[in-house]
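Take a look at the structure set out below.
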Amino acid sequence: MSPPVKIIGHYASPYSHRVEMALQLKGVPYELIQEDLSNKSELLLAKNPVHKKVPVLLHGDLAICESLVIVEYIDEAFDGPSILPADPYDRAMARFWTNFIDTKFSQPIWLAYWSEGEAQKAVVKETKENLALLEAQLNGKRFFGGDTPGYLDIAACMLGPWIGVLEEVTGVTLVNGNEFPALCQWAKEYSSSEALEPCHPDRDRLVAYFTENKEKYKMMAKTMLQQ
Amino acid sequence: MDHHLEQQAAESEKKAVKLLGMWASPYVLQVRWALAMKGVEYEYVEEDLRSKSAQLLAYNPVHKKVPVLVYHGRPIAESQVILEFIDDAWNHRGDPILPRDPYRRAMARFWARFKQDKLSPPIWRWFTTEGEEQEAAYEAAVEQLLVLEKELAVSGKPFFGGEKVGFVDLSLSPLAYVIPIYEEIVTGGGGGGVKMVTEEKMPSLAAWMGRFLSSPAVRGHLPPLEKLRPRCQAMREAFLVSARAKVEQQQQQ
């Protein structure tokens, strides 16, 4: 019998969601342990002493940290449909773009939603340039991975459920249908995907979470842009 | 395979694999060592990063950086991505760069990211600042180095990759040769002064540094230390001058 699989995660974290998506696509049952990020558990601190962050995958006695590292582990450790492509060059492209999302894309878009005034203009411009690059990667396909979601779709999950929520809570519109029709269509494909349905986040819960943290995030963005 | 066929195969491989690089870049060096581990022949193109070539901009429009590996005309950028590609594409040849076991592969990827996210920033800050800011950066860097020290000590292996050089060793490679240069420059070249990796505090890491530099793949292509020293020195000076100018400006306002 296969050792049990658990995720230490958080419902509002797209990084945590990546791991759920990967397990869902692989057909691996799991238990989700919701972490209280304002009061981190002994379990989290023990299993991720280096970063003390979610998500952490627990597979029997093994603990794996960092969401994209976890996703590649899931692809390699379990049988089921492949998450990464088979061809080495295609794998390299998938890794390049997921790396792009984590190192170049994530921070500016976060700042673009939560900042204001003059400082916001530069990050909005940068975000739109980044969005255009991702828009181009879709290139007429349903998903970045082709007909079915793959590694880059998992990495880009914040462009699914989170964008609508952030745009509602902040009043900032970035991913509009005129400039980014393929990304908007992708978000729809994502929401209506049967394969991913069981782990879809609860939209109302996300709205409540981001509304509750609005002032905190706005303050954080202001501080970060001042440096 | 007879000698003639081997030669032909090597020549045609050289045409198929091109590396755009720059002599001072540790990321480029990692790729060269990985290609050496797999015995891959390639054409090397030195880029002038102050005046980037049309080729580089075409092959890496997103980041406009080196290294870029061009495989049968198709470009791959980002050193970690390239290292994994080399391991995938020449899977059947040479030593594995990443372990085969999924959990050990995950750990290798985790430690490579640790270096980028947690270790490089304080080391860079330590090298480019002075005074209190530098002291704080030093403490932060040492804290993270001790995490690595523990990891290596607990494994009891000569390399992070086990018995041989692997993905994590390649990712950590700047530690092996850049830190001693930084230490010399920061302490003004004097004998004493503050070292970051000492045999007392970090015996496993200290031993690893020498072992890494004399390993087969690395030995064949050592980093150009004499050229690097003045370059690093100039970088530190430029940062310090700029920081001092900012402080002066702020004091005048």
Side-chain angles (χ1 to χ4, degrees), chain A residues 3 19 22 26 47-53 56-79 83-105 107 126 129-130 132-134 136-137 151-152 227, chain B residues 16-17 31 38 59-65 67-92 97-120 143-144 146-148 150-151 167-168:
Chain A
V19 178
K26 215 68 178 168
K47 297 300 180 183
N48 191 359
V50 174
H51 300 292
K52 307 175 176 53
K53 287 183 180 175
V56 180
L57 185 78
L58 303 175
H59 185 197
D61 292 329
L62 304 176
I64 299 115
C65 309
E66 298 290 276
S67 61
L68 292 181
V69 175
I70 297 171
V71 172
E72 290 221 41
Y73 172 78
I74 290 167
D75 201 28
E76 292 168 358
F78 298 98
D79 292 328
I83 293 173
L84 272 95
D87 173 73
Y89 187 79
D90 294 338
R91 290 160 76 81
M93 289 304 99
R95 288 180 177 130
F96 174 85
W97 286 107
T98 55
N99 180 270
F100 170 81
I101 288 180
D102 274 4
T103 59
K104 266 211 136 188
F105 178 77
Q107 197 177 80
E126 192 182 345
E129 284 163 5
N130 290 338
L133 289 171
L134 289 173
Q137 283 305 300
Y151 192 40
L152 185 48
Q227 282 167 350
Chain B
V17 186
V31 173
K38 294 293 188 184
Y59 280 143
N60 190 3
V62 175
H63 301 292
K64 306 175 176 55
K65 287 180 182 176
V68 180
L69 189 76
V70 186
Y71 185 68
H72 291 286
R74 302 164 91 191
I76 302 148
E78 295 294 280
S79 60
Q80 304 273 280
V81 177
I82 297 171
L83 292 183
E84 291 228 34
F85 172 79
I86 291 169
D87 206 28
D88 279 347
W90 287 280
N91 194 261
H92 52 281
I97 294 174
L98 275 120
R100 298 282 185 230
D101 167 72
Y103 176 69
R104 292 187 57 219
R105 287 166 78 82
M107 287 300 102
R109 290 171 179 138
F110 174 86
W111 288 111
R113 278 161 190 260
F114 171 85
K115 186 256 171 192
Q116 280 300 106
D117 298 340
K118 288 222 123 184
L119 190 53
S120 292
E143 195 186 322
Q144 302 307 333
L146 287 171
V147 172
L148 275 182
K150 186 174 164 191
E151 191 59 27
F167 190 65
V168 178

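Because the structure is predicted, anything quoted here is derived from the model rather than measured. So that the names make sense, note that chain A is the first sequence line, chain B the second, and so on, each numbered from 1.
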Item to complete: Starting from the C-alpha separation in whole Å, work towards a yes-or-no answer on side-chain contact (heavy atoms from CB on, under 4.5 Å) for B:Asp88 and A:Tyr89.
Response: CA-CA 9 Å; B:Asp88 279 347; A:Tyr89 187 79; over 6 Å; no
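- Residue contact with chain B, scored on non-hydrogen atoms closer than 4.5 Å, involves the side chain of A:Arg91 exclusively.
- For a residue to count as touching a neighbouring chain, one of its non-hydrogen atoms must lie under 4.5 Å from one of that chain's; by this rule B:Asp101 does not touch chain A.
- Taking the side-chain hydrogen bond (donor to acceptor under 3.5 Å, both in side chains) definition, one finds that B:Glu78 meets it with nothing, sequence neighbours left out.
- Formation of a donor-acceptor pair under 3.5 Å by the A:Thr98 side chain with backbone atoms of A:Leu152 is not found in this model.
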Exercise answer: donor-acceptor pairs, residues 56-68 of chain A side-chain atoms, under 3.5 Å, sequence neighbours excluded:
residue, atom, partner, partner atom, Å
A:His59, ND1, A:Tyr73, OH, 2.7
A:Ser67, OG, A:Arg18, NH1, 2.9

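- Looking at heavy atoms from C-beta onward, B:Leu119 lies out of side-chain contact with B:Val147 at the 4.5 angstrom threshold.
- Looking only at side-chain heavy atoms (C-beta outward), A:Thr103 and B:Gln116 stay at 4.5 Å or farther from each other.
- Residue contact with chain A, scored on non-hydrogen atoms closer than 4.5 Å, involves the side chain of B:Trp111 exclusively.
- Of the atoms belonging to B:Tyr103, heavy atoms from both backbone and side chain fall under 4.5 Å from chain A.
- Between A:Asp75 and B:Arg105 no salt bridge is recorded (no basic side-chain N to carboxylate O distance below 4.0 Å).
- Both the backbone and the side chain of B:Arg109 come within contact range of chain A, each with at least one heavy atom under 4.5 Å from a heavy atom of that chain.
- Contact count against chain A (heavy-atom pairs under 4.5 Å) is highest for B:His63 among B:Met107, B:His63, B:Gln80.
- Among A:Leu133, A:Val50, A:Asn99, the residue making the largest number of heavy-atom pairs under 4.5 Å with chain B is A:Val50.
- For a residue to count as touching a neighbouring chain, one of its non-hydrogen atoms must lie under 4.5 Å from one of that chain's; by this rule B:Pro75 touches chain A with backbone and side chain alike.
- Between chain A and the residues B:Ile82, B:Asp87, B:Val81, the largest count of heavy-atom pairs under 4.5 Å involves B:Val81.
- Contact of B:Arg74 with chain A is made through backbone and side chain together, with heavy-atom distances under 4.5 Å.
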